[in-house]
Amino acid sequence: MQRIRLRYTKRGRLRFTSHRDFQRAFERALRRAEVPMAYSAGFTPHPKVSYANAAPTGTGSEAEYLEIQLAEVRDVEQLRKLLDESLPDGLDITDAVEARTSSFADRLEASVWELRLDGVEAADAEGAVAAFMAAEQVDVQRRTKNGLRTFDARGAVIRLEARDAAADRPGDGPCAILRLVVRHATPAVRPDDVLSGLRATADLAPPVPAAVTRLAQGLLDEESGTVTDPLALDREAAPAFPTTAAGPSPAGDAQVPEGSA
C-alpha cells in the first residue's frame, strides 16, 4: 500500500462548490486518471480518501489537503499531474508527497485567510482591526443545527492586519484587505465570525459580502505567528535514494566519475 498526500485549490467560481461536490468531482478524477485505489471492506466499498479541514462553501482556497491510499506504488509527481488534468479548472492539484509520517491532521493547527472588503476604506478597516485586537473577548453568534450558539471570536485570532488593496485591482471605489491568522479551535472560528466581531466592536459593515480566500494552513509558529507547510515533514522523511520496483538504491551502486579513483 502507498499513501499520497495532496494539496489542492478552490479558485474562481468553484469556490462555491460544497465539500460534497468536490468529493464527487475528485472521485471522478480518480477514475479518469485510472488511479489504482485501495478500497474499504464491506458490502459498499469506497476508495480510501481522507479529507482534512475543508474550507466552508463560498470561500476560495490555495491550501486544501487530502490523503489517498493506493493498492499499487505510483510515481508521486506523475500521479499529481494526471489528477490535475482530470479535474476542472479551479480545482487544481498543486502539490503531492508520499506520506511518511503520522498524525497529518494534527499539523493543521492554523490558517491564513485573506478577506477582501469592497466598499470599505483602509483607514476604517485599520481602526476596526485595532478595536478588535484590543478586546480581551469578542462574543459572536452563529446559527448551527442545534440552534443559535454564542462563542468568543477573539481568542483564536493570532494576527489580524488591514491594508489598502493594490492600485492595479479591477474596479473603482475603496477596498480594504484583511490578513487573518486564526488558530483551529473548538468551536472553529471562521472568517465570517471575525467579520461579525468587527461589526460588534467597531460597527464595521462592508456593503457587499467579503471575498474570502484561505492562503495557507499548517503548523503554527507561536513566536512569529506564521503558518508553515504541513507537507514539509514528509519531504524531510523521504529516503536519500529514490525507491524503484526492486527497492531503494544502495549507496554502493552509485557510479564513480572517471578519473576520480
Side-chain angles (χ1 to χ4, degrees), residues 7 10 15 18-19 51-65 103-118 120-165 175-206 208-233:
R7 174 174 172 165
K10 287 174 61 182
R15 70 185 184 276
S18 69
H19 183 55
Y51 300 91
N53 196 38
T57 302
T59 62
S61 181
E62 295 294 315
E64 301 297 288
Y65 293 93
S103 303
F104 178 74
D106 293 341
R107 283 179 235 161
L108 303 181
E109 297 177 339
S111 287
V112 181
W113 296 92
E114 183 178 272
L115 289 69
R116 176 191 174 104
L117 309 181
D118 283 301
V120 175
E121 297 283 356
D124 294 337
E126 289 171 1
V129 165
F132 180 92
M133 294 301 288
E136 292 186 4
Q137 180 171 322
V138 178
D139 287 335
V140 299
Q141 292 183 325
R142 185 199 302 160
R143 187 165 299 281
T144 69
K145 61 182 180 181
N146 296 322
L148 202 61
R149 182 171 188 178
T150 301
F151 59 94
D152 175 26
R154 174 64 185 88
V157 175
I158 308 301
R159 288 171 53 195
L160 180 59
E161 302 169 345
R163 60 180 177 83
D164 202 353
C175 179
I177 301 293
L178 301 185
R179 186 65 60 89
L180 167 69
V181 180
V182 61
R183 188 192 309 273
H184 297 166
T186 303
V189 174
R190 305 184 309 203
D192 56 320
D193 299 320
V194 175
L195 289 173
S196 296
L198 291 170
R199 184 166 56 251
T201 56
D203 200 28
L204 182 71
V208 297
V212 180
T213 303
R214 173 149 54 192
L215 302 180
Q217 64 172 320
L219 289 163
L220 175 65
D221 185 320
E222 297 280 357
E223 187 171 333
S224 65
T226 58
V227 175
T228 61
D229 181 8
L231 300 179
L233 292 176

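All residue numbers refer to positions in the sequence shown, counting from 1.
Heavy atoms of other residues, nucleotides or ligands lying less than 6.0 angstrom from CD of Q137 number more than 12. Counting heavy atoms of neighbouring residues, nucleotides and ligands inside a 6.0 Å radius, atom CZ of R163 exceeds 12 of them.
Separation of atoms CD (Q217) and NE2 (H184) is listed at 5.0 Å; rounding is to 0.5 Å. Considering CZ of R7 and CG of D229, their distance stands at 6.5 Å, rounded to 0.5 Å. A distance of 10.0 Å separates CD in E161 from CG in L180, rounded to the nearest 0.5 Å. Between L115 atom CG and I177 atom CD1 the span is 8.5 Å, to the nearest 0.5 Å. D193 contributes atom CG, which lies 11.0 Å from atom CD of Q141 (distance to the nearest 0.5 angstrom). Note that the CZ atom of R116 and the OG1 atom of T213 stand 10.0 Å from one another [nearest 0.5 Å].
The shortest heavy-atom contact between A122 and A176 is CA-CB, 4.0 Å. Taking both residues in full, the closest heavy atoms of D221 and E223 are given as OD1-N, 3.0 Å, listed atom of the first, atom of the second, then distance. The two residues L220 and G225 have their closest heavy-atom pair at CD1-C, 4.2 Å. Closest approach of A210 to L195, counting heavy atoms only: CB-CD1, 3.7 Å. Here the shortest heavy-atom pairing between E62 and L215 reads CB-O, 4.0 Å. Counting all heavy atoms, side chain and backbone alike, D118 lies closest to C175 at OD1-SG, 3.4 Å.
Only one option out of I158, L108, V112 pairs with V227 in a side-chain contact (heavy atoms from CB on, under 4.5 Å); it is V112.
Considering only residues two or more places apart in sequence or on other chains, D124 meets the side-chain hydrogen bond (donor to acceptor under 3.5 Å, both in side chains) condition with none of them. Under the rule for a side-chain hydrogen bond (donor to acceptor under 3.5 Å, both in side chains), the partners of T226 that lie at least two apart in sequence or sit in another chain are S224. Under the rule for a side-chain hydrogen bond (donor to acceptor under 3.5 Å, both in side chains), E109 has no partner lying at least two apart in sequence or in another chain. Remark: R199 engages no residue in a salt bridge (charged side-chain N to carboxylate O under 4.0 Å, His left out) (not counting sequence neighbours). Here R15 pairs with nothing under the salt bridge (charged side-chain N to carboxylate O under 4.0 Å, His left out) rule; sequence neighbours left out. For E121, there are no side-chain hydrogen bond (donor to acceptor under 3.5 Å, both in side chains) partners, not counting sequence neighbours.
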Please evaluate residues R183 and E222 with respect to the criterion side-chain contact (heavy atoms from CB on, under 4.5 Å), reporting the C-alpha separation (whole Å), side-chain torsions for both, the decisive distance (0.1 Å), and the verdict.
CA-CA 10 Å; R183 188 192 309 273; E222 297 280 357; 2.8 Å; yes
Can you check side-chain contact (heavy atoms from CB on, under 4.5 Å) on T59 and W113, steps first, answer last?
CA-CA 10 Å; T59 62; W113 296 92; 4.2 Å; yes
Evaluate V138 against V157 for side-chain contact (heavy atoms from CB on, under 4.5 Å), listing each step before the verdict.
CA-CA 11 Å; V138 178; V157 175; over 6 Å; no
List the steps and the verdict of side-chain contact (heavy atoms from CB on, under 4.5 Å) for V194 and L178.
CA-CA 11 Å; V194 175; L178 301 185; 5.8 Å; no
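Of the possible polar contacts, one joining the E64 side chain to the A55 backbone as a donor-acceptor pair under 3.5 Å is found.
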